[in-house]
Amino acid sequence: MGYFRENIEKAKGYEPGFQPELTRQGRVVKLNTNENPYPPSPQVMKVLAKITAEQLRRYPDPLGSAFRQAAAEVNGVQPDHIMCCNGGDELLRIAFQAFCDENRPVAYPVPTYSLYPVLANLQNCKAIEVPFDSEFNLPAKLAGTGAALTIVCNPNAPTGSFVSVDELASLADELAGVLLIDEAYVDFAEANCTALVKDFDNVIILRSMSKGYCLAGLRFGYAIAKPDLIAGLMKVKDSYNVDAVAIAVATAAIKDQQYFKENVEKVKRDREELTEQLRALKFEVSKSYANFVLAKSKNCKASEIYDKLVQRNIYIRYFDLPGLSDKLRITVGTKEQNDKLISALKEILSN
Ligand SMILES: Cc1ncc(COP(=O)(O)O)c(C=O)c1O
């Protein structure tokens, strides 16, 4: 017998996008992990500079009450509808542990976030993958899988597509199990599903501070759901799942809504410009509601373009997966980064 459970022994594990060493970052154009290209709010840096030894000596507030309060105000709910998490990824792990096992499958439309099958495997639960159509509409079959947990990533990664709030309300209504709506990228969309939490006792919304709030390094996200669901999820989390520094910093970030809104508008404007520039190079780019675009090259293999960009120290994301192997996912960077990418693509495609 090996040391590990059989499914862990066999598992490949999640493969995060490449992170170049900090010292090399100046020379690298990094558009591969959907980070925000801009720094967090100046309020964040002020709070960080004022962290005291006492805050570090003591255990943190297990509920992250300061953040809960601030996030509740921003989302128009009560604090008991919020649970703080060590990144949105922790909420996903907690949800798998809370709702899924050998007899309680998960279901989600594909292609989508590649962490879901990894978590299903770790939890030893069956994953029912229901394909999107070519326009990434919500598959009707998703309502009838009988899964204990259904996940819809909205906007979806890596497609950038968006399913309407009405469609997700209908899905929540039809499902017997829980519907987790992964809104990690919703800051860059035109609508969100927070209102569904008021009407449905089976809806959990995932939010991340990594994208719209420029805090991927901090590891902070949160759940929005009815208090009964939140209380159940709390039983599964580590007691001190978010640390004192993270609570203080994330609270400062979510309170600075003016900085947040200006930043998001900038990224959205640059996303539209990048989309046009890629289309001018004959890429097929569908409308994105996230901080990345998915581009299909008609004239050159996606994997070849990826390799040639790496040679030029430009990192984007290539997935050798069904439905994605002819496409490239590109994070919206600063104007300068986007321009460097476009110049490199022009050179690669002209050879
Ligand atoms: C679809 C999706 N959901 C959730 C997350 C988790 O984000 P984080 O753990 O950084 O909050 C990510 C991160 O890239 C994501 O792409």
Side-chain angles (χ1 to χ4, degrees), residues 13-19 30-37 40 44 64 67 71 82-96 106 108-120 122 127 129 132 136 149-163 168 179-189 192-193 204-224 233 237-238 241-243 246-247 249-251 253-254 260 264 267 271 288-294 315-319 321 324 329-333:
Y14 179 71
E15 228 175 90
F18 170 69
Q19 294 287 359
K30 190 176 175 310
L31 305 174
N32 65 340
T33 50
N34 298 341
E35 289 143 337
N36 196 304
V44 160
F67 181 87
I82 305 281
M83 179 178 83
C84 301
C85 300
N86 193 263
D89 280 348
E90 192 201 17
L91 175 60
L92 291 169
R93 189 186 56 70
I94 290 171
F96 273 84
V106 64
Y108 46 83
V110 284
T112 192
Y113 187 26
S114 50
L115 182 64
Y116 306 155
V118 173
L119 292 173
L122 295 181
E129 301 193 334
F132 277 113
F136 308 114
L149 173 66
T150 300
I151 307 178
V152 177
C153 186
N154 200 43
N156 188 40
T159 59
S161 49
F162 189 80
V163 172
L168 288 168
L179 173 61
L180 190 154
I181 305 170
D182 181 343
E183 291 195 338
Y185 296 102
V186 85
D187 300 334
F188 308 100
N192 65 56
C193 286
I204 301 172
I205 312 274
L206 176 154
R207 292 285 175 77
S208 171
M209 298 298 287
S210 300
K211 317 295 177 182
Y213 291 90
C214 322
L215 290 173
L218 189 73
R219 311 306 304 128
F220 210 99
Y222 63 102
I224 315 174
L233 295 171
K237 78 173 185 71
D238 285 348
N241 64 328
V242 284
D243 67 69
I247 295 168
V249 166
T251 305
I254 203 164
F260 163 74
V264 161
V267 173
R271 174 184 71 200
S288 169
Y289 294 84
N291 68 337
F292 56 83
V293 297
L294 191 68
Y315 292 87
I316 59 171
R317 197 85 195 256
Y318 171 69
F319 299 94
L321 293 172
L324 295 175
R329 191 197 70 189
I330 304 166
T331 306
V332 178

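Atoms within a ligand are numbered from 1 in the order they appear, just like the ligands themselves.
- When atom types are taken as modelled, the side chain of Ser288 and the backbone of Ala290 share a donor-acceptor pair closer than 3.5 angstrom.
- Those atoms of ligand 1 with a heavy atom of Cys153 less than 4.0 angstrom away are 1 (C).
- Using a distance-only test at 3.5 Å, with no hydrogens or angles considered, a donor-acceptor pair links the side chain of Asn241 to the main chain of Cys84.
- The closest approach between Ala216 and ligand 1 stays at or above 4.0 Å for every heavy atom of the residue.
- Ligand 1 has an N or O atom lying under 3.5 Å from an N or O atom of Ser210, backbone or side chain.
- For Asp182 (side chain) and Leu206 (main-chain N/O), no donor-acceptor pair under 3.5 Å exists by modelled atom type.
- Counting heavy atoms from C-beta on, the side chains of Val249 and Met209 never come closer than 4.5 Å.
- Taking the six-membered ring for Trp and the full ring otherwise, the centers of Tyr213 and Phe220 sit at least 6.0 Å from each other.
- Asn36 places a side-chain N or O within donor-acceptor distance of the main-chain N or O of Lys211, the cut-off being under 3.5 Å.
- With a 4.0 Å heavy-atom cut-off, ligand 1 is reached by the side chain of Lys211 but not by its N, CA, C or O.
- Annotation: atom 5 (C) of ligand 1 to nearest protein heavy atom, Asp89 OD1, 3.5 Å.
- If you check which protein heavy atom lies closest to atom 7 (O) of ligand 1, you get Ser208 OG, 3.7 Å.
- Interface atoms of ligand 1 facing Arg219, defined by a heavy-atom separation under 4.0 Å, are 8 (P), 9 (O), 10 (O).
- Side chain of Arg317 to main chain of Pro158: no donor-acceptor pair is present (N/O by atom type, distance under 3.5 Å, no hydrogens or angles).
- Heavy atoms of Ala184 approach ligand 1 to within less than 4.0 angstrom.
- No close placement of the Tyr185 and Tyr289 rings is indicated, their centers lying 6.0 Å or farther apart.
- For ligand 1, the atoms lying closer than 4.0 Å to a non-hydrogen atom of Gly87 are 9 (O), 11 (O).
- Taking only nitrogen or oxygen atoms, main chain and side chain alike, Leu92 does not reach within less than 3.5 Å of ligand 1.
- Here atom 3 (N) of ligand 1 lies nearest to Asp182 when heavy atoms of Asp182, Asn86, Leu218 are compared.
- By the 4.5 Å heavy-atom criterion applied to side chains, Asn86 and Asp238 are not counted as neighbours.
- Remark: ligand 1 atoms within the under-4.0 Å shell around heavy atoms of Gly88 are 8 (P), 9 (O), 11 (O).
- For atom 16 (O) of ligand 1, the closest non-hydrogen atom on the protein side is Tyr185 OH, 2.7 Å.
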